[in-house]
Amino acid sequence: MKRFEIDRNKVWPWIAFALVLMGTVFQLHRQGRIWWCACGRPFLWDGDIWSAHNSQHLVDPYSFTHVLHGVVFCGIVWLVIPRVRLVWRLWLATFIESLWEILENTQLVVQRYREATIGLGYEGDSIANSLGDVACCAVGFLLAWRIGVKYSIILFVVVELALLICVRDNLTLNVLMLLYPIDAIKSWQMIH
């Protein structure tokens with residue numbers, strides 16, 4: 001009879017991913033985040049950034065910015081620790097994104113979004129939306145790893161332009177407006 005053996009090199013990454021996600025959910029719940037939209041209807045997608053449903057369902061237009069987080073993290077992690085196994089580089093990107101989700105949903109950052117960006121009524125993300133954002137980051141990371149630097153740059157530019165056209169916001173404007181709000185940009189973004 002063959003003895004059942006577990007390959008620890010294959011199991012540890014899954015345990016590490018599970019711990020990050022469980023820790024993220026625990027912390028978001030402690031911060032008072034709701035599990036899913038308060039409307040009681042758990043839609044997978046909501047495309048209206050001006051509604052109370054924004055950031056409350058699994059994915060929304062801002063999920064594409066989290067895909068771009070993954071693209072950027074893939075490049076940075078590849079430059080900093082190129083010899084580390086892919087699964088652990090992906091874990092690190094997921095860990096960083098999870099930390100961002102926790103920080104993004106603190107009262108300090110939620111208030112900053114309300115004051116400095118077009119997120120006037122922003123109440124923070126639901127736990128489902130935060131997990132969707134972490135998953136989108138992982139997708140972006142894997143996509144960037146698969147398509148390489150040249151196509152990752154093209155993907156980044158195309159997604160940024162598409163978001164700019166469709167919702168008058170994107171990752172670049174989001175970061176800019178959080179760090180250094182410009183009234184003219186905010187006024188332009190408010191036209192919908």
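Predicted, not measured: the structure shown is a model, and the values here were computed from it.
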Q: Go through the structure and list residues passing side-chain hydrogen bond (donor to acceptor under 3.5 Å, both in side chains) with T172, not counting sequence neighbours.
A: E160
Q: Kindly compute the distance separating CG (L58) from SG (C136), expressed to the nearest 0.5 Å.
A: 7.5 Å
Q) Can you check side chain to side chain donor-acceptor pair (under 3.5 Å) on Y62 and N129, steps first, answer last? A) CA-CA 10 Å; Y62 289 107; N129 183 261; over 6 Å; no
Q | Any side-chain heavy-atom pair of I154 and V158 under 4.5 Å | A | yes
Review item, side-chain donor-acceptor pairs of residues 86-93, under 3.5 Å, at least two apart:
unit_1 : atom_1 : unit_2 : atom_2 : d
R89    : NE     : V84    : O      : 2.9
R89    : NH2    : V84    : O      : 3.4
W91    : NE1    : A16    : O      : 3.1

Q) Tell me, do D46 and Q56 make a side-chain contact under 4.5 Å, heavy atoms counted? A) no
Q | Apart from I185 itself, residues in the same hydrophobic cluster as defined by side-chain heavy atoms under 4.5 Å | A | L164, L173, L176, M177, Y180, I182, W188
(Q) Under 4.5 Å side-chain heavy-atom separation, chaining through any Ile, Leu, Val, Met, Phe, Trp or Tyr, what else clusters with V149? Say none if it is isolated. (A) I153
Q) Hey, does V25 have a side-chain heavy atom less than 4.5 Å from the side chain of W35? A) yes
Q) Mind checking who shares a hydrophobic cluster with L79, ILVMFWY linked at side-chain heavy-atom distances under 4.5 Å? A) W78
Q: Heavy atoms only: give me the nearest L28-S130 pair and the separation to one decimal.
A: CD1-CB, 3.4 Å
Q: Report whether L179 and L108 are members of the same hydrophobic cluster (ILVMFWY, side-chain heavy atoms less than 4.5 Å apart, transitive linking).
A: no
Q) Under the side-chain hydrogen bond (donor to acceptor under 3.5 Å, both in side chains) rule, what pairs show up with a residue in residues 140-156, not counting sequence neighbours? A) none
Q) With hydrophobic residues grouped by side-chain heavy-atom distances under 4.5 Å, do V110 and L103 end up in a single group? A) yes
Q. Once you round to the nearest 0.5 Å, how far does OG1 of T24 lie from CD1 of I102?
A. 4.5 Å
Q | Those residues that, when tested against V134, pass side-chain contact (heavy atoms from CB on, under 4.5 Å) (two or more places apart) | A | L21, T94, E97, S98, E101
Q) Partners of Q111 by side-chain hydrogen bond (donor to acceptor under 3.5 Å, both in side chains), sequence neighbours excluded? A) R114, E115
Q: Determine, using the 4.5 Å side-chain heavy-atom cutoff (strictly less than), whether L19 and F26 are members of one ILVMFWY cluster.
A: no
Q. Of the non-hydrogen atoms in E104 and D125, which two are nearest, and what is the gap between them?
A. OE1-OD2, 3.3 Å
(Q) For W36, give me all partners under side-chain hydrogen bond (donor to acceptor under 3.5 Å, both in side chains), at least two apart in sequence or on another chain. (A) H57
Q) Linking I/L/V/M/F/W/Y whenever their side-chain heavy atoms sit closer than 4.5 Å, directly or via other members, would L131 and W100 fall into one cluster? A) no
Q. Taking the side chain as C-beta and beyond, is there a heavy-atom pair between L143 and V71 under 4.5 Å?
A. no
Q | Contacts of V159 that satisfy side-chain contact (heavy atoms from CB on, under 4.5 Å) - sequence neighbours left out | A | F64, L68, L155, L163
Q) Which residues pass the side-chain hydrogen bond (donor to acceptor under 3.5 Å, both in side chains) test with D133, sequence neighbours left out? A) H66
Q | Closest approach of Q31 to T106 (non-hydrogen atoms, all atoms of both residues) | A | NE2-N, 3.6 Å
Q) Considering residues at least two apart in sequence or located in another chain, which fulfil the side-chain contact (heavy atoms from CB on, under 4.5 Å) criterion with A116? A) R112, P181
Q. Honestly curious: do L161 and I147 fall in one hydrophobic cluster under the side-chain, below-4.5 Å linking rule?
A. no
Q: Might you work through the side chain to side chain contact (heavy atoms under 4.5 Å, CB included) test for F43 and C37, ending with a clear yes or no?
A: CA-CA 8 Å; F43 298 120; C37 185; over 6 Å; no
